[in-house]
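Remember, predicted model here, so these are calculated numbers, not experimental data.
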Amino acid sequence: MKRMCAVLMLLLCLAGSAFADDDSDLKKERAIGRRVVEQIEREWELSSDPAALSKLEMIASRLSPYMERKIPWEIRIVNTEIMNAFCLPGGFIFFTTGILDELKTDSELAAVMAHEMIHADRRHGMKIAAESQKVTFGALAAIILTGGAAAPIVLAQVAQVAITSSYTMKLETEADTLGLDAMIKAGYSPTGMITLFEHFISEEYRQPIHEYGIYMNHPDTPKRLSAAVKTLHDRKIPIERKYPLGLLRTSISEGSESITLSVDGVSVLKGRKNDDTRKAVKKIRDALDKYLQLELAPYDLHTENGALYIGNNFIAGNIDGMTTPKDIRTNLMRAINSARAKYPTSKFFK
């Protein structure tokens with residue numbers, strides 16, 4: 001019994017020591033990260049947009065429980081049109097106004113945030129810097145924090161790795177995979193990572209040369225996209241782009257004599273203004289919100305026996321004084337095609 005207690009005490013001491021070392025490492029990482037932050041804040045103009053900062057902080061707080069380490073994340077926004085985001089050692093996350101202007105929904109922002117948080121959570125930047133200098137993490141931290149002759153060079157390398165995403169594809173893949181896991185656990189649409197990569201591919205087509213950015217590494221962005229698509233397929237998670245893209249949004253408006261249901265501003269049906277029509281239109285709207293997707297093949301949206309269906313799901317029937325199911329289908333296809341045209345690089349039927 002005494003031997004068992006002694007073993008347990010030893011294990012507890014070792015566990016405590018491991019946590020202490022981890023805490024010590026995090027303090028060093030944050031000290032290194034602050035050095036880079038100070039340099040960035042001297043050279044780049046920061047935005048103090050409270051709404052944008054609040055949104056990003058909320059997203060980080062939802063994702064943070066699914067990281068391995070308890071890092072006190074700090075977020076800053078840089079005023080530049082360049083699309084970029086990066087995370088420095090110790091949990092200092094930067095977004096540019098350029099990427100915030102491009103990404104409109106929380107799911108896409110969460111895809112970027114989760115990816116960058118994983119880089120810091122798993123010490124990716126520090127690992128690359130230590131390997132390139134052929135030293136341990138402790139030695140690397142000592143070089144930087146004691147202000148030796150090599151400190152500026154090593155610190156610049158740590159900054160470059162983060163800002164220009166100079167990670168190996170192995171580390172990028174790990175950040176993608178674990179970031180996707182964190183998104184799913186935090187309740188964000190995982191399709192946000194799909195549309196994020198599609199944004200980057202589209203941007204590369206428009207501007208093939210970039211000085212830096214989170215997509216710059218990589219002619220391999222299509223490979224990363226394919227890997228994310230495969231992961232969702234393997235997990236039987238449907239790819240539904242309308243949520244992270246903020247498309248196919250329904251709305252109901254009432255005039256003096258009619259009720260109109262629109263999708264992305266495109267009128268898809270009208271009916272005489274009365275309680276029965278109002279109830280019918282709300283049911284149709286609920287069905288469209290659930291079943292209408294950008295990935296629908298044309299034959300999935302069909303009429304049968306005078307009623308409109310998406311797959312096997314009933315959407316609308318014939319109602320006196322209201323747009324016919326056949327015309328509703330025509331209008332819905334117009335709305336879908338208009339939404340798809342905004343993202344020509346997306347392979348909706350893959």
Side-chain angles (χ1 to χ4, degrees), residues 22-23 25-126 158-159 161-163 165 175-176 178-193 195-197 199-200 213-215 243-246:
D22 184 70
D23 184 63
D25 284 353
L26 180 55
K27 287 179 180 177
K28 292 174 184 175
E29 290 171 54
R30 286 186 62 76
I32 292 168
R34 283 194 191 94
R35 295 279 182 91
V36 183
V37 169
E38 289 168 4
Q39 185 67 27
I40 289 173
E41 291 180 342
R42 282 196 296 268
E43 297 182 8
W44 293 349
E45 178 188 356
L46 297 186
S47 167
S48 58
D49 182 341
L53 282 169
S54 178
K55 175 183 281 192
L56 293 174
E57 287 167 355
M58 179 272 292
I59 292 171
S61 69
R62 282 181 58 178
L63 292 167
S64 62
Y66 308 105
M67 301 294 132
E68 279 192 342
R69 299 191 292 162
K70 292 183 178 180
I71 296 176
W73 306 99
E74 295 184 27
I75 298 172
R76 290 164 174 79
I77 300 173
V78 178
N79 275 322
T80 175
E81 294 180 357
I82 294 171
M83 284 179 57
N84 199 12
F86 54 91
C87 190
L88 301 173
F92 301 93
I93 306 172
F94 285 77
F95 278 73
T96 65
T97 51
I99 198 168
L100 295 181
D101 289 341
E102 182 72 18
L103 307 182
K104 305 301 183 184
T105 64
D106 288 2
S107 292
E108 288 188 329
L109 291 172
V112 176
M113 184 79 76
H115 179 96
E116 297 304 327
M117 290 171 77
I118 291 294
H119 277 318
D121 188 52
R122 304 305 168 92
R123 301 184 176 94
H124 288 171
M126 299 302 296
V158 171
V161 168
I163 296 170
S165 285
D176 289 344
L178 298 180
L180 188 59
D181 287 341
M183 284 182 68
I184 293 169
K185 291 173 182 175
Y188 289 104
S189 168
T191 307
M193 188 165 284
T195 59
L196 178 70
F197 288 142
H199 273 303
F200 294 164
I214 54 177
Y215 46 79
Y243 301 114
L245 294 178

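The structure places CG of D49 at 10.0 Å from OG of S54, a figure rounded to the nearest 0.5 Å. Taking CD of E102 as the start and CG of L109 as the end, the distance is 11.0 Å to the nearest 0.5 Å. Atom SG of residue C87 and atom CZ of residue F95 lie 9.5 Å apart, to the nearest 0.5 angstrom. In this structure, CD on E116 lies 11.5 Å from CD1 on I75, to the nearest 0.5 angstrom. One finds the CD atom of E38 at 6.5 Å from the CZ atom of R42 (value rounded to the nearest 0.5 Å).
Looking only at side-chain heavy atoms (C-beta outward), D121 and L178 stay at 4.5 Å or farther from each other. Taking 4.5 Å as the limit, some side-chain heavy atom of I40 sits within range of a side-chain heavy atom of F86. Side-chain contact check for L103 versus H199: some heavy-atom pair is nearer than 4.5 Å. The closest side-chain heavy-atom distance from M83 to F200 is below 4.5 Å. The shortest distance between side-chain heavy atoms of W73 and L63 does not fall below 4.5 Å. Inter-residue side-chain proximity for F197 and D176 is flagged as met; some heavy-atom pair is nearer than 4.5 Å. Looking at L100 and I77, their side chains come closer than 4.5 Å, going by heavy atoms from C-beta outward. Residues R69 and R122 fail the side-chain proximity criterion, which asks for heavy atoms closer than 4.5 Å.
A donor-acceptor pair is defined here as one N or O able to donate and one able to accept, closer than 3.5 Å; such a pair exists between the side chain of T97 and the backbone of T80. Side-chain atoms of S61 come within 3.5 Å of backbone N or O of M58 as a donor-acceptor pair. Side-chain N or O atoms of R35 include none that pairs as donor or acceptor with a backbone N or O of R30 at under 3.5 Å. Using modelled atom types, one side-chain atom of T96 and one backbone atom of N84 make a donor-acceptor pair closer than 3.5 Å.
Contact between G91 and I71 at its shortest, heavy atoms only, is CA-CG2, 3.7 Å. The two atoms that bring L88 and G33 nearest to each other are CD1-O, 3.9 Å, heavy atoms only. The two residues M67 and A114 come nearest to each other via the heavy atoms CE-O, 4.5 Å. When every heavy atom of S107 is checked against every heavy atom of M183, the shortest pair comes out as O-CE, 3.5 Å. Of all heavy-atom pairs spanning I118 and G179, the tightest one is CG1-N, 3.7 Å. Closest non-hydrogen pair, T105 versus G246, comes out as CG2-N, 3.8 Å.
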Q: Using the salt bridge (Lys or Arg N to Asp or Glu O under 4.0 Å) rule, take E57 and K55 through it: C-alpha gap first, then chi angles, then the decisive distance, then the call.
A: CA-CA 5 Å; E57 287 167 355; K55 175 183 281 192; over 6 Å; no
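Judged by the 6.0 Å and 45° rule, R62 forms a cation-pi pair with Y188.
Partner R76 forms a side-chain contact (heavy atoms from CB on, under 4.5 Å) with one of L46, L53, I93 and no other, that one being L46.
In this structure, E43 places its CD atom where more than 12 heavy-atom neighbours from other residues, nucleotides or ligands lie under 6.0 Å away.
Here E68 does not pair with R123 in a salt bridge; the nearest charged N to carboxylate O distance is not below 4.0 Å. Taking 4.0 Å as the cut-off between side-chain N and carboxylate O, E29 and K27 do not count as a salt-bridged pair.
Note: H119 and H124 have perpendicular aromatic rings, judged against thresholds of 30 and 60 degrees for the angle between ring planes.
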